[in-house]
Number of protein chains: 2
Amino acid sequence: MNYKIKSRIWIETDDNVFLGEGRVRLLKAIDTKGSLSKAAKSIGMSYKKAWTLLDAVNKSAKKPVVITSVGGKNGGGATLTPYGKSLISAFETINKGCWTYLDKQLDQINNI
Amino acid sequence: MNYKIKSRIWIETDDNVFLGEGRVRLLKAIDTKGSLSKAAKSIGMSYKKAWTLLDAVNKSAKKPVVITSVGGKNGGGATLTPYGKSLISAFETINKGCWTYLDKQLDQINNI
DNA sequence: AAGCGTTATATTTGTATGGAAACAACGCCA
DNA sequence: TGGCGTTGTTTCCATACAAATATAACGCTT
């Protein structure tokens, strides 16, 4: 059995984690579901954890990432801003590039 | 304040973590100290945790990484094999390459 | 005005992780 | 042969993390 190289990347501001793979997955679910509770349920995450993650994202973001509203037409909801969509896109592009870089290095480990 | 991209890489075999940054730090300390207990103390890690990590490394490695001996001249000890040294070197090279790749991608995040 | 589906928040409960300490086994050495 | 400094292993406890539960607040809708 050969070795595999795995990686995790994330974005920080002042030692606060801002964006990682789990948060990106949550943001994408928010984009398709339109609500935080439905997004959390769709990815098997508790509402509380989802709310905590979203709160951390919004607190350390330079511009708003998700707009939430309480009460109203359908009880409220959460929508991803264009800035949030761009962030997700950039994150995933960089992440894929990291994977392909690591794949190219695999021989250095397996051929020792 | 600008964003920073951070990363963690590790090596797996069959869903078992084989080598990561913490294990590499432990292996390097073993190389300089010659014993597991002294290595653990030198990097502020409990002996039990160090032993557990080393056990996992040895169990999923394709060739021996650390040779341990019980009893004897100085009570025993732990020595890094040439294979282990090569692994550490390759791991750190790949890790640095990952960091420089990510640094080059930073503008994609900060310029949105 | 009551009901609904949200967001937002606090409280409790359960679980997993990690450290501390204790101790057996081992083999050289004096 | 007893002492020493290791590795190897178990047990217990504390702490942090995660999950479940409960509830308030909100504002449209009917």
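The chains referred to below are lettered A, B, ... by the order of the sequence lines, with proteins before strands, and numbering in each begins at 1. Quick note: numbers below take in every heavy atom, side chains included, and nothing from hydrogens, waters or symmetry partners.
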**Item:** Spacing between A:Leu53 atom CG and D:dC17 atom P, to the nearest angstrom
**Value:** 14 Å
**Prompt:** With a 4.5 Å heavy-atom cut-off, do A:Asn2 and B:Lys62 have their side chains touching?
**Reply:** yes
**Fill in**
Here the distance between atom P of C:dG19 and atom CD1 of B:Ile43, to the nearest Å, is 11 Å
**Prompt:** Does any N or O in the side chain of B:Ser60 come within less than 3.5 Å of the main-chain N or O of B:Asn16, such that one atom is a donor and the other an acceptor?
**Reply:** no
**Asked** Looking at C:dG18, does its base get a donor-acceptor pair with the side chain of B:Lys49 below 3.5 Å?
**Response** no
**Request:** Say whether, by atom type as modelled, one donor and one acceptor occur between the side chain of B:Arg23 and the main chain of B:Ala56 under 3.5 angstrom.
**Result:** no
**Complete:** To the nearest angstrom, the CH2-P distance between A:Trp51 and D:dA19 comes to 17 Å
**Item:** Shortest side-chain distance from B:Ser46, nucleotide among C:dG19, D:dT6, C:dA8
**Value:** C:dG19
**Message:** Can you measure A:Asn58 atom CG to C:dT7 atom P for me and round it to whole angstrom units?
**Reply:** 13 Å
**Asked** C:dT6 P sits how many Å from A:Leu36 CG, rounded?
**Response** 11 Å
**Request:** Using whole Å, report how far CG of B:Asn74 lies from P of D:dT7.
**Result:** 11 Å
**Message:** Between B:Ser37 and D:dT7, is there a contact of a side-chain N or O with OP1 or OP2 at under 4.0 Å?
**Reply:** yes
**Item:** A:Thr79 OG1 to A:Lys85 NZ distance, which is reported to the nearest 0.5 Å
**Value:** 8.5 Å
**Request:** Indicate yes or no: at least one non-hydrogen side-chain atom of B:Thr100 is less than 4.5 angstrom from one of B:Lys96.
**Result:** no
**Request:** Remember a base hit wins even if backbone is also touched, and classify B:Lys48 as base, sugar-phosphate or nothing at under 4.0 Å, heavy atoms.
**Result:** base
**Prompt:** Quick one: which of C:dC29, C:dG19, D:dC26 gets closest to the side chain of B:Lys73?
**Reply:** C:dC29
**Prompt:** Is any side-chain N or O of A:Ser69 closer than 4.0 Å to OP1 or OP2 of C:dT7?
**Reply:** no
**Any donor-acceptor N/O pair under 3.5 Å between C:dA21 base and B:Tyr47 side chain** = no
**Request:** Check the distance between D:dA19's C1' and A:Met45's CE and give it to me in whole angstrom.
**Result:** 13 Å
**Prompt:** A:Ile30 CD1 to C:dT6 C1': how many Å, rounded?
**Reply:** 13 Å
